[in-house]
Amino acid sequence: MVEETSNSPSLTEVKMVSVGDILKAKVTKVEDKHALVDVGYKYDGIIPISELSSLHVDKVSDLISVGDEFDVKVTKLNDDKEELVVSKRAVDAEKAWDDLAKKLETGEVLEATVKEVVKGGLVVDVGLRGFIPASMVERHFVEDFSDYKGRTLPLKVVELDREKNKVILSHKAVLEEEANKKKEEVLNSLTPGQILEGTVQRLTDFGVFVDIGGVDGLVHISELAWERVEKPSDVVKEGDQVKVKVLKVDKENERISLSIKETQPGPWEKAGEQFKAGDVVTGTVKRLVSFGAFVEIAPGVEGLVHISQIANRHIATPSEVLKEGQEVQVKILDVNVANQRISLSIRALEEERAEQAE
């Protein structure tokens, strides 16, 4: 046995090096398929290309250069043949498993560069071979991943299985977390009555979903326009930029009620400019009631023809003369925009025609 002395440090190190040891290494030579490293032993160690990384490496020089320093693990030692094989991959993998386990527990985001595009997803180097399934790359469907190679993506660890050497990562999870934070910020900033710009995202039978800065609000079909809307596609289409008014915000259930019609001049605002007493207009009978008939003379604007103004003779009920859906000519007697009332007469027209005929 050789005792440790100040004159024989290298000999002391020889006795201390054994398989499984973690050593500091400095690259002394780089070949295509291996590299030589100085680990303070009596001869250099060798790193085969397969022990450089958990991912495929074409040439050693693609990954390391002379002078680089890093930790390696001794995997084989044979002094008789002066053979010392070390692994960078084993050290990186050990560190990576511990690091990834912590990130899985805390939800911390890491960054990694896409090394390969393979069937079903992307491969990244995280000290181990990490895999991002296609369904976890984006929040939307991606048909072609070819331009992802070389891109650095923020990722979250979603699954680890050391026995199967399985590392599953997600870029989509990061995006969704960011979207949720933004959604929360938007929800907290909204107040009923606000007027905002938005983009039409989806059309449904019952209305339209509009993106107002990272969160979708619903414009019910009844809030699309002042006139009756049969289907949303009659008014808007996906991608349209629209002005909306916030009607209600339910932060707990993340629901926002919006209105497009409330941002536009109402039919009664227009009616004050459009109609004057004495005008003769054509309208449609919408409803018959005991005291008269409501006639629509413009979208969203109905006037009342009192039963006494329906005919120039006495009638017991409006249905004796009129029916719903019938088109009639009426004379405007009075316009009251403030109370949204317009008085109409059919009888006045008939009397005027009779006088002209005489």
Side-chain angles (χ1 to χ4, degrees), residues 99-115 117 120-126 130-160 167-221 223-224 232 236-260 263:
D99 184 51
L100 292 171
K102 287 176 185 174
K103 285 181 168 60
L104 175 62
E105 188 178 338
T106 62
E108 186 183 340
V109 175
L110 61 103
E111 287 195 344
T113 303
V114 178
K115 298 294 184 182
V117 176
L122 308 173
V123 174
V124 294
D125 184 3
V126 286
F131 183 63
I132 311 171
S135 61
M136 296 186 186
V137 177
E138 299 287 352
R139 296 178 73 203
H140 57 269
F141 174 73
V142 179
E143 191 168 344
D144 182 13
F145 289 99
S146 57
D147 64 342
Y148 278 77
K149 189 171 182 179
R151 281 177 60 181
T152 299
L153 302 174
L155 305 164
K156 277 199 168 196
V157 183
V158 293
E159 188 181 342
L160 288 178
V167 179
I168 305 297
L169 305 158
S170 173
H171 177 50
K172 179 181 178 181
V174 177
L175 298 176
E176 287 185 336
E177 185 176 54
E178 290 172 352
N180 287 334
K181 282 181 183 176
K182 191 173 183 182
K183 190 175 187 177
E184 190 176 345
E185 288 172 6
V186 173
L187 281 167
N188 289 331
S189 70
L190 293 177
T191 53
Q194 273 181 295
I195 304 294
L196 305 166
E197 293 287 339
T199 305
V200 176
Q201 295 293 319
R202 286 183 295 130
L203 275 62
T204 67
D205 291 341
F206 54 85
V208 173
F209 285 96
V210 177
D211 178 3
I212 50 172
V215 59
D216 285 356
L218 174 66
V219 181
H220 190 267
I221 192 167
E223 292 295 331
L224 283 172
V236 292
K237 62 180 184 298
E238 286 184 14
D240 279 357
Q241 297 295 309
V242 292
K243 194 176 283 187
V244 292
K245 182 178 181 179
V246 179
L247 300 180
K248 187 179 177 184
V249 181
D250 182 350
K251 293 178 184 177
E252 191 175 332
N253 296 305
E254 297 185 348
R255 289 179 183 166
I256 303 164
S257 298
L258 304 170
S259 173
I260 289 176
T263 66

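- Salt bridge status for E254 with K183: present, with a side-chain N to carboxylate O gap under 4.0 Å.
- The backbone N or O of R255 sits nowhere less than 3.5 Å from a side-chain atom of N253 that would complete a donor-acceptor pair.
- Across all non-hydrogen atoms, the minimal contact from V114 to L153 is CG2-CD1, 3.9 Å.
- Put simply, CG on N180 and CD on E185 are 11.5 Å apart, with the number rounded to the nearest 0.5 Å.
- Closest of all the heavy-atom pairs between L203 and V236 is CD2-O, 3.6 Å.
- Between I256 and L187 the shortest side-chain heavy-atom distance falls below 4.5 Å.
- Contact record, V246 with V249: CG1-CG2, 3.6 Å, taken as the closest heavy-atom pair.
- Defined by atom type and a distance below 3.5 Å, a donor-acceptor pair is missing between the side-chain atoms of E111 and T152.
- In this structure, E238 and R202 approach most closely via the heavy-atom pair OE2-CA, 4.1 Å.
- Between E184 and K251 there is no salt bridge, since no side-chain nitrogen of the basic residue lies less than 4.0 Å from a carboxylate oxygen of the acidic one.
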Can you check side chain to side chain contact (heavy atoms under 4.5 Å, CB included) on L258 and L218, steps first, answer last? CA-CA 6 Å; L258 304 170; L218 174 66; over 6 Å; no
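- Partner of V124 under the side chain to side chain contact (heavy atoms under 4.5 Å, CB included) criterion, out of L110, I132, T113: I132 alone.
- Put simply, the side chain of V126 reaches to within 4.5 Å of the side chain of L169, judged on heavy atoms.
- The main-chain N or O of T191 is found under 3.5 Å from a side-chain atom of Q194 such that the two form a donor-acceptor pair.
- D250 contributes atom CG, which lies 12.0 Å from atom CG of L190 (distance to the nearest 0.5 angstrom).
- Atom CD of residue E108 and atom NZ of residue K156 lie 10.0 Å apart, to the nearest 0.5 angstrom.
- Other residues, nucleotides and ligands contribute more than 12 heavy atoms inside 6.0 Å of the CG atom of N188.
- To the nearest 0.5 Å, atoms CG (L100) and CG (L155) are separated by 10.5 Å.
- In this structure, E138 and Y148 approach most closely via the heavy-atom pair OE2-OH, 2.8 Å.
- The pair K237-D240 meets the salt-bridge criterion, with a side-chain N (NZ, NE, NH1 or NH2) lying under 4.0 Å from an Asp/Glu carboxylate O.
- Within 6.0 Å of the CZ atom in R151, the count of heavy atoms belonging to other residues, nucleotides or ligands exceeds 12.
- Using a 4.5 Å heavy-atom threshold, the side chains of I221 and P232 count as touching.
- Nearest heavy atom pair, residue V158 against residue S170, reads CG1-CB, 3.8 Å.
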Just do the salt bridge (charged side-chain N to carboxylate O under 4.0 Å, His left out) check on K245 and E223 with the steps written out, would you? CA-CA 10 Å; K245 182 178 181 179; E223 292 295 331; over 6 Å; no
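- M136 contributes atom CE, which lies 9.5 Å from atom CZ of F131 (distance to the nearest 0.5 angstrom).
- Q241 contributes atom CD, which lies 7.0 Å from atom CD of E197 (distance to the nearest 0.5 angstrom).
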